Amino acid sequence: METILSGMRPTGNIHLGNYFGALINFIKLQQTHRCFFFIADYHSLTTHPNPKDLHQSVKTILSQYLACGLDPQKSTIYIQSSLPEVTELYMYLNMIAYLGELERVTSFKDKVRQNPNNVNAGLLTYPTLMASDILIHKANYVPVGKDQAQHLEMTRTFAQRFNKMYNVEYFPLPQAYNFKNELLKVPGLDGSGKMGKSLGEANAIFLVDSDTAIEKKISRAKTDSGPKETNEKKSVEIENLFSLMSLVSSKETIDYFEEKYNDCSIRYGDMKKQLAKDMISFISPIREKIFEIQNNDTYLSDAIKQGEEKARESARKTIREVREIIGFKSF
Ligand code: ADP
Ligand code: TRP
């Protein structure tokens with residue numbers, strides 16, 4: 001059976017981009033596949049979180065994932081830091097990763113630009129840690145958004161290099177996965193690029209946002225001065241509004257506003273009201289569930305305990321085999 005794996009760093013709350021770009025695919029796949037899901041708390045150390053906050057951040061993100069439909073009966077759910085095997089594989093992979101290729105990774109270059117005073121080795125080797133997360137369970141598919149495509153490509157490079165170096169066919173080469181085939185990028189509300197939590201509160205719609213917050217954010221989304229001629233090409237801002245609508249509204253609603261846009265009678269205010277209404281219908285039940293789960297410590301710890309055992313068993317097996325391939329032997 002094919003193995004699916006995904007993970008998320010415990011930083012902030014889940015937004016629509018996380019949900020539709022990555023999580024929804026995982027949730028569908030957990031019905032039919034061997035699935036692993038983990039909270040990437042080792043990865044979050046690159047930014048030196050306060051020890052007092054770390055556990056709470058893990059708990060927040062875990063509750064949100066469970067509320068979205070991550071199922072502890074179907075998937076193996078665990079916290080990355082409870083799997084020390086991951087760090088051992090990370091070290092082996094660092095032996096075969098080249099400095100040049102790590103320095104060329106876009107996310108690394110972005111971080112260097114954003115935080116020139118915190119260019120640590122953990123940041124540089126983020127892709128080898130991520131590769132270790134994936135290869136430790138020999139995953140075949142990784143449901144992630146478009147921004148992670150390069151990290152996945154590197155995972156394939158490391159897996160292939162390991163196989164070649166030791167002349168084995170041990171690690172499968174993992175692929176990114178989206179049901180719609182194309183990897184998705186959910187746009188933000190500010191008219192620029194993607195929805196992301198580091199791009200300002202107003203850019204992203206979070207699953208914990210109140211109805212009023214959702215209405216307010218959508219009403220302030222960037223638009224343009226309106227189409228001047230029939231079937232005019234949409235500006236990026238308007239394209240983004242339609243993309244968001246395609247996630248939560250019915251086909252009839254979308255067709256209605258497409259038609260209004262194409263014959264120049266569209267009123268963006270009306271479109272935003274409808275989008276806010278549909279967004280609230282989608283988000284509010286998830287939000288209620290999040291609030292319920294985050295106060296249920298027994299449910300959370302049961303979910304994690306079940307997962308941890310299964311995850312360790314799988315990770316120990318891989319490490320045992322990898323050590324053998326590398327040539328370590330006991331006396
Ligand atoms: P953020 O960009 O908000 O910090 P993360 O980097 O923690 O989000 O991403 C967690 C997961 O959500 C990853 O799989 C990532 O590809 C996906 N993701 C994040 N933002 C988007 C987006 N706007 N569109 C599609 N997928 C996204
Ligand atoms: N890099 C991912 C992100 O920022 C998080 C992550 C770490 C991950 N290890 C992973 C995702 C392994 C999928 C598989 O979103």
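Everything numeric in this text was worked out from a predicted model, so none of it was measured. For ligands, and for the atoms within them, numbers begin at 1 and follow the listed sequence.
The aromatic rings of Phe162 and Tyr166 are tilted relative to each other, their planes meeting at an angle between 30° and 60°. By the 30° and 60° cut-offs, the orientation of the rings of Phe328 relative to Tyr92 is tilted. Using cut-offs of 30° and 60° for the angle between ring planes, the His137 and Tyr78 rings count as perpendicular.
Of the N or O atoms in Ser6, none lie within a sub-3.5 Å distance of an N or O in ligand 2. At a 3.5 angstrom cut-off on N or O pairs, His151 does not count as close to ligand 2. Note: an N/O pair closer than 3.5 Å links Gly17 and ligand 1 by distance alone. The shortest N/O to N/O separation between Met8 and ligand 1 does not fall below 3.5 Å. The shortest N/O to N/O separation between Gly21 and ligand 1 does not fall below 3.5 Å.
Nearest to atom 2 (O) of ligand 1 by heavy atom, out of Met195, Lys194, Lys197, is Lys194. The closest heavy-atom contact to atom 18 (N) of ligand 1, among the options Leu184, Asn18, Leu16, comes from Asn18.
Note: Tyr65 and Phe26 fail the aromatic proximity criterion, with ring centroids not under 6.0 Å apart.
Interatomic distance, CG of Asp41 versus CG of Leu54, reported as 6.0 Å (0.5 Å rounding). Atom CD of Glu232 and atom OG1 of Thr230 lie 9.0 Å apart (nearest 0.5 Å).
With respect to atom 9 (N) of ligand 2, the closest heavy atom belonging to the protein is Asp133 OD2, 2.7 Å.
The proximity of Leu129 to ligand 2, defined as any non-hydrogen pair under 4.0 Å, does not occur for either the backbone or the side chain.
Using modelled atom types, one finds no donor on one side chain facing an acceptor on the other under 3.5 Å when comparing Asn140 with His33.
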